[in-house]
Amino acid sequence: QTQTWTSRELAETEQCFIATVTEANAVAAIPIACASAAIADRPTLGDDQAAAIASIASTVTPVGVLVGPAGTGKTFTLDGVRAAFERAGFDVIGAAPSARAAIELEAGASIPSRTLQSLIHRWDTGHERPGGDTLLVIDEAGMADIRTLEHAVSRQVTAGGRVLLVGDQHQLPEVGAGGGFAYAATHSSSVTELHINRRQRDAWERDALAHLRNGDVAAAVSAYAGHDRVIVTDTNDDMVGTAVDHYLAARAIGQRPVLLAGTNDLVDRLNVAVLDR
């Protein structure tokens, strides 16, 4: 029999988060006209994106969830969510576990954003306060550790505000103790999901990425190999030489390729090979 161990502090944190994201206390849905206007202003929205905006606007729980797999147009959808809530008189602010994700949220959805740690620090120091007429959008919530996520969500909800957790529980997980977003995505009563991959043009690649997201790595790799998207070499040295060939060929036609590797040793070998050429 497998035994699972944790600390009392972490168990209490998880229970607080569970209670908050499953809270039954109702909040008022924003007027449907606000959502309709935001959707009408964005005629290129897909049906699933428009439905997501309408669904999030009609949410009557303090914490909502938007599951957005890679390539589904999550940021454009959030731009519509922002517009709908602002029309209803809400302030919309954003936060994310990393500075890069916060910058992308602000640039793509016009939501003023900062890192979660920065937001919490500003709350702690009194520079800002969680507000009742505020929607806090937490992007890449699946990468936030449970302690930070619970702290931000509980304080916002306790202040009478709302939270929208955004991410994909099948993508890169938290570094610290986690599971918060995955729990919310499977247990919250207000979960909306985007379904259509808009980034990949070919149906086979959309299928391959779906296999990868669902853990069927072999099927995904087979699809890429079958469409000549993976090059297999006989030896490790051949692999380095072939990678450098493709890198330099791309440079020669004006592209800006990037060589990536999983170890520092292989990174050094690739860099030396490129410099030697």
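All residue numbers in this chain count up from 1 along the given sequence.
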Step by step, would you call Val81 with Leu135 a side-chain contact (heavy atoms from CB on, under 4.5 Å)? CA-CA 10 Å; Val81 171; Leu135 171 67; 4.1 Å; yes
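- A chain of hydrophobic side-chain contacts below 4.5 Å, direct or via other Ile, Leu, Val, Met, Phe, Trp or Tyr residues, connects Val166 to Leu45.
- Considering OG1 of Thr134 and CZ of Arg129, their distance stands at 13.0 Å, rounded to 0.5 Å.
- Each of Ile146, Ile138, Val21, Leu165 was evaluated against Phe181; a single residue qualifies, Leu165, per the side-chain contact (heavy atoms from CB on, under 4.5 Å) test.
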Candidate pair Arg213 and Asp168, rule salt bridge (charged side-chain N to carboxylate O under 4.0 Å, His left out), full reasoning: CA-CA 9 Å; Arg213 180 176 183 264; Asp168 181 8; 2.7 Å; yes
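- Separating the CD atom in Glu150 from the CG atom in Leu10 is a distance of 10.5 Å, to the nearest 0.5 Å.
- Taking a 6.0 Å sphere around CD1 of Ile32, one finds it holds 12 or fewer heavy atoms contributed by other residues, nucleotides or ligands.
- The cluster map of Ile, Leu, Val, Met, Phe, Trp and Tyr, joined by side-chain heavy atoms under 4.5 Å apart, puts Phe90 and Val65 in different clusters.
- Across every non-hydrogen atom of Tyr247 and Val274, the tightest pair is CE2-CG1, 3.9 Å.
- In the hydrophobic cluster analysis, where Ile, Leu, Val, Met, Phe, Trp and Tyr join through side-chain heavy atoms closer than 4.5 angstrom, Ile53 is grouped together with Val92.
- Within a 6.0 Å radius of CG in Asn264, other residues, nucleotides and ligands contribute 12 heavy atoms or fewer.
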In sequence, state the C-alpha distance, the side-chain angles, and the governing distance for Lys74 and Glu140, and then conclude on salt bridge (charged side-chain N to carboxylate O under 4.0 Å, His left out). CA-CA 11 Å; Lys74 172 193 68 178; Glu140 301 295 353; 3.4 Å; yes
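- With hydrogens and angles left out, the side-chain atoms of Thr61 and Ser190 include a donor and acceptor closer than 3.5 Å.
- Dense packing is recorded around CG of Asp202, with more than 12 heavy atoms of other residues, nucleotides or ligands lying under 6.0 Å away.
- Arg199 places no side-chain N or O within 3.5 Å of a backbone atom of Ala70 that could act as its donor or acceptor partner.
- Here Ile231 contributes atom CD1 and His246 contributes atom NE2; the two are 3.0 Å apart, rounded to the nearest 0.5 Å.
- Closest approach of Ala88 and Pro31 over heavy atoms only: CB-CD, 4.0 Å.
- Cluster annotation: Met143 is not connected to Leu78 through the hydrophobic network of ILVMFWY side chains, with a link wherever side-chain heavy atoms come within less than 4.5 Å.
- Between the Thr242 side chain and the Met239 main chain, no donor and acceptor come within less than 3.5 Å of each other.
- Put simply, the side chain of Asp48 gets close to the backbone of Ile196: a donor and an acceptor are under 3.5 Å apart.
- For Pro130 against Gln156, the heavy-atom pair with the smallest separation is CB-OE1, 3.2 Å.
- From His127, atom NE2 reaches atom OG of Ser118 across 10.5 Å, with rounding to the nearest 0.5 Å.
- Under a 3.5 Å cut-off, the side chain of Thr125 and the backbone N or O of His121 do form a donor-acceptor pair.
- Inter-residue side-chain proximity for Arg162 and Thr59 is flagged as unmet; no heavy-atom pair is nearer than 4.5 Å.
- Residues Arg198 and Gln49 meet the side-chain proximity criterion, which asks for heavy atoms closer than 4.5 Å.
- Taken together through direct or relayed side-chain contacts under 4.5 Å among Ile, Leu, Val, Met, Phe, Trp and Tyr, Leu116 and Leu136 form part of one hydrophobic cluster.
- Looking at Val240 and Leu266, their side chains come closer than 4.5 Å, going by heavy atoms from C-beta outward.
- The side-chain heavy atoms of Ser110 and Asp79, taken from C-beta on, include a pair separated by under 4.5 Å.
- Counting only distance, with no hydrogens or angles, the side chain of Arg206 and the backbone of Arg201 share a donor-acceptor pair below 3.5 Å.
- Contact detail for Gly94 and Ile111: the closest heavy-atom pair is N-CG2, 3.3 Å.
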Going through the distances and angles, do Asp124 and Arg155 end up as a side-chain contact (heavy atoms from CB on, under 4.5 Å)? CA-CA 11 Å; Asp124 289 342; Arg155 287 184 68 173; 2.6 Å; yes
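- Side chain of Thr186 to main chain of Tyr183: a donor-acceptor pair is present (N/O by atom type, distance under 3.5 Å, no hydrogens or angles).
- By the side chain to side chain donor-acceptor pair (under 3.5 Å) test, Glu23 pairs with Asn25, sequence neighbours left out.
- With no hydrogens or angles considered, no side-chain donor-acceptor pair links Arg147 and His151 at under 3.5 Å.
- Taking OG1 of Thr72 as the start and CG of Leu194 as the end, the distance is 4.5 Å to the nearest 0.5 Å.
- Once rounded to the nearest 0.5 Å, the distance linking CD1 of Ile30 with CD of Glu86 reads 10.5 Å.
- For Thr115 against Ala102, the heavy-atom pair with the smallest separation is N-CB, 4.2 Å.
- Through chains of ILVMFWY side-chain contacts below 4.5 Å, Trp204 is grouped with Leu209, Leu212, Val217, Val221, Tyr224, Val230, Val232.
- Contact annotation: the side chain of Glu104 never approaches that of Asp139 to less than 4.5 Å [non-hydrogen atoms, C-beta and beyond].
- For residues 244-255, the pairs satisfying salt bridge (charged side-chain N to carboxylate O under 4.0 Å, His left out) are Asp245-Arg277, with sequence neighbours left out.
- Side-chain contact between Arg114 and Arg122 is present, with heavy atoms from C-beta onward closer than 4.5 Å.
- Counting all heavy atoms, side chain and backbone alike, Ala243 lies closest to Leu270 at CB-CD2, 4.1 Å.
- Using a 4.5 Å heavy-atom cutoff, the side chains of Gln15 and Ile18 are in contact.
- Between the side chain of Arg42 and the backbone N or O of Ala38, at least one donor-acceptor pair lies under 3.5 Å.
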